[in-house]
Structures are given as structure tokens and as C-alpha cells.
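Step one of this worksheet: look at the structure below.
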Amino acid sequence: MSSTTSAGPVALSARALGPDLARGCMLLFIALANSHYFLTGTTAGAEIRGGFPLDGSGVDRAVTWVIATFVDGRAFPMFGFLFGYGVAHIVRRQSEAGATPREVRHLLWRRAGVLLAVGVVHGLLLFAGDILAMYGVLLIVGAWAVRWSDRWLLVVAGLFLALSALPSADSLSVSTDPPGTVMLPPDLATQLAERPPVLAFIALLGPIGFACPYLLGLWAGRRRVLEQPERYRRLLVKAAAAGITVAVLGAQPVALALAGVIAVPSAGVLDVVGPLHDATGVLGGLGYAALVTLAARRLESVVEGRPGRVIDALAATGQRSMTCYLAQSVVWAVVFTPYLLGLAGTLTVTATALLAITTWAGSVLLAAELGRRGRRGPFEVLVRRATYRT
């Protein structure tokens, strides 16, 4: 057996609470962020902007503001950060077990391969906005970055963050594109024919937007920042306060326009505020990870290391984040696909948000039951078997 398999996956009971709790909580944000992009509006020819129909009620506009401010473009960067953090953890364990850099790189490539394969199937059959294949591509390239110096990680991360803030007309936060046949295919044949180019586009270009949080995750993972919150408390407090504040403020030009509080700016202004919304969202994602880690440490200290059933369930969800993410897509496919229930033109923004919350809550209950039985999620088992060859 090669040395890359001598240090297998960490036992569930030995995992740090902070990262898993962050993943479990942020899966709610993922559900809220993904589901509204299916909506076409309840009136014919409704205007769509940022994935939100603008023909809703006052309550719909308020929900739109909340999601645009706290969710869209904020949850996915946090997962990118945690993805890099997890990669750093794998590299450290394998290196301590005696693996060579080449062996570690090949292990990461096996992990990338299974993410790519599952992502392609997921995108073809369930959700055209799949990010797993993108994570696979990111890891194929990012496996080389695990050997970079700390300074180089931070410099390159800063360059990618600056790149995301450059004026552009491509930000999804202000896009006026309605969900087309790629998202809402009229039949299975159309779905299988039209999705491959979109999946390839996301997989190949998506890593550009996720490179910054991934590289910062590698940097933080080397120091075990989320696993040692007492040692890095000052850094975590600053990251939470500054990151979330900047993200909330940076979202307001877009969020207020989507909510109808201010007039939609001109195209030139949108080209600036859209990327601003996205770039500050990266900092917000880092802030969320820091905040949840601090909260997890506080909960552990209050209840003497036993957080309680609700926290245990959320952590169990984070431990099975891939399975829970894919379970969400099953719901979206059944509810919105025209040749199934086809409710994209029936549900409002508010109703869809309630559906997202309910779907997430169901995944928490499922993960909690798996946790009670001491079982990993089926897709976590698949990834680990492919990665460690066990």
C-alpha cells in the first residue's frame, strides 16, 4: 500500500466542530442562493434581475433584499475557503504519514477526479449550476498550490480578489437573463443536449472566482485557524467583524435596487456595483466562517464540550455536506423542471425561500439520523474511497 493511503480520512468523532458547523449552517444559504434562479415570475413577461422576478409583493421585495444582502455571493466563497482548508488538512496528514509531494498531489488528483465525475452527472441530471465539477477542476490546478509559500498564497489570493472587483457586465447579481431551457428544459432530450456546454463553461471558468477563497483556505488550514479558535481569537474576531460589515455594505447598491427601494442604476453603474457585490461577498464568506467558528467554541465552552442536539445535527450536516447539497438539487429538479412539477412560474420569491428553508431542514434531519447511526453520507463515502483507495 502506498504511503498516500496510510493516513485515511479522519474519524467523524475526531473532527473539529467549527468547520463542520460552518458547512452545515451555510448549506441553508446555498439552498436560498440556488433556488430563486429557477423563478420566472408569476406574471407574463416579468422582469428578472439578479435571478429575482421583480413582480412580487412587498414581502417578496423584503426577502429579495435579505437574500441579496446576506446570501447571494457570500455562501459559495465560504465553501471555497473551507474547501481549501480541507485540502490543507489532507496535505498535512499525508505529509506527517510520510507521503512524498508527488504522492500527495496524486491523491488530490484522485479526489478531484471523483468530484469532476459526480459534478458532471449532477449537472446533467439535476442542476445546471453545479459547482462540484468546478471544484474538481480547481483542485486539479490547485494541487500545485499546496507547495507555495505563505506569502505567495496571500499575494495570488489578493490578485484574484482584485480581478473579481474589476468593472464587468458579467456579474450574476445584476443579470437580466431569465432561466432558459438549460435551467428549465421542456424535456429530457433538450436537457441532455443543452447542458454540457454550460457545465463546461462553469467548470473551466468558475475556478477563477473561487481561487481567492481557496488559496486563503490553504493558508488558514496550514495554521489550523478554525481548529484552534482560542489561539487565533483576535484574527477570527477581526475577520468576522470586518468581513461581514464590508459584505453587507458592498451589497447595498444591488440589494436596494433589486428590492425596489432605489431605481435601477444605469448600465455603466451596474458594471461597477455588480462586481463590487461579488468581491465584497468573498470577504463576507470569510467572515461567516470566522463567526461560526467563534460561536462553536463558545458553545463548546458553555456546555463543557457537548453542544447539544441542534448543534450536533448541524455539525452532522456539515460532515455530510456533499450528500446534503445533492439532496437539495433533487428537490429543485422535481419542483421546478417543466416536465415534472413545473412550478417556476407559480412560486414567489417568498414561497421559494420557505421551500429552501424546508429542504435544508429536511437535510439536517437526515444528516442527524445518519450521525446517530455513525454513518457517513453516501457521497462522502464515494469520495473517500476514490481518494484513499479503501
Side-chain angles (χ1 to χ4, degrees), residues 3-4 7 16 18-19 22 73-74 76-113 115-116 131 134-166 168 203-229 231-232 234-240 242-243 246-247 275 278-290 293 387:
S3 61
T4 55
R74 278 101 184 102
F76 284 110
M78 195 214 73
F79 269 92
F81 172 80
L82 292 176
F83 182 64
Y85 193 95
V87 169
H89 180 72
I90 292 172
V91 172
R92 180 176 63 252
R93 294 189 73 244
Q94 298 305 317
S95 299
E96 290 173 351
T100 66
R102 181 175 180 273
E103 289 171 330
V104 173
R105 188 165 58 250
H106 286 184
L107 181 146
L108 295 177
W109 283 344
R110 290 197 297 273
R111 191 177 190 87
L115 288 173
L116 187 59
I131 62 168
M134 183 273 297
Y135 277 147
V137 173
L138 177 61
L139 187 53
I140 290 173
V141 180
W144 296 98
V146 301
R147 307 296 300 176
W148 290 358
S149 68
D150 289 344
R151 177 177 295 182
W152 191 237
L153 287 176
L154 295 177
V155 168
V156 177
L159 291 175
F160 275 106
L161 179 62
L163 179 64
S164 69
L166 293 177
S168 170
L204 295 176
L205 294 184
I208 296 175
F210 279 75
C212 173
Y214 169 77
L215 294 173
L216 292 177
L218 287 178
W219 179 87
R222 289 178 179 177
R223 288 160 174 74
R224 309 185 72 171
V225 172
L226 304 185
E227 299 157 80
Q228 301 175 359
R231 179 181 179 184
Y232 293 101
R234 179 175 297 181
L235 173 63
L236 291 170
V237 169
K238 290 181 178 179
V246 170
D278 302 336
T280 56
V282 173
L283 302 180
L286 302 179
Y288 284 151
T293 299
T387 300

Side-chain ([X]) to main-chain ([Y]) donor-acceptor, under 3.5 angstrom:
| X | Y | answer |
| --- | --- | --- |
| Y85 | L226 | yes |
| Y214 | G142 | yes |
| R222 | V146 | yes |

Atom pair [atom1]/[atom2] of [X] and [Y] - distance to nearest 0.5 Å:
| X | Y | atom1 | atom2 | result |
| --- | --- | --- | --- | --- |
| L139 | I90 | CG | CD1 | 7.5 Å |
| Y135 | F79 | OH | CZ | 7.0 Å |
| L108 | L115 | CG | CG | 10.5 Å |
| L215 | F210 | CG | CZ | 13.0 Å |
| L153 | C212 | CG | SG | 11.0 Å |
| L107 | T387 | CG | OG1 | 6.0 Å |

Which atoms form the tightest heavy-atom contact between [X] and [Y], and what is the distance?
| X | Y | answer |
| --- | --- | --- |
| S164 | P275 | O-CB, 3.5 Å |
| A88 | G217 | CB-O, 4.4 Å |
| L82 | A22 | CD1-CB, 4.0 Å |
| P77 | P213 | O-CB, 3.3 Å |
| A290 | L236 | CB-O, 3.4 Å |
| A289 | M78 | CB-CG, 3.8 Å |

### Query
Looking at Q94, R147, R92, which one forms a side chain to side chain contact (heavy atoms under 4.5 Å, CB included) with V104?
Q94
### Task
Go through the side-chain N and O atoms of R74 and T280 and say whether any donor and acceptor fall under 3.5 Å apart.
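Yes, T280 and R74 have a side-chain donor paired with an acceptor closer than 3.5 Å.
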### Close side-chain approach of M134 and P207, heavy atoms under 4.5 Å
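Yes, their side chains come closer than 4.5 Å.
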### Message
Do Y232 and T293 make a side-chain contact, defined as non-hydrogen atoms from C-beta onward lying under 4.5 Å apart?
### Response
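The answer is no; the side chains never approach within 4.5 Å.
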### Task
Would you check, one step at a time, whether the test side chain to side chain contact (heavy atoms under 4.5 Å, CB included) holds for L218 with V91?
CA-CA 10 Å; L218 287 178; V91 172; 5.9 Å; no
### Task
With side chain to side chain contact (heavy atoms under 4.5 Å, CB included) as the test, would you mind laying out the steps for W148 and V156 before giving the verdict?
CA-CA 10 Å; W148 290 358; V156 177; 4.0 Å; yes
### Message
Determine whether the aromatic ring centres of residues W219 and W152 are separated by less than 6.0 angstrom.
### Response
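No.
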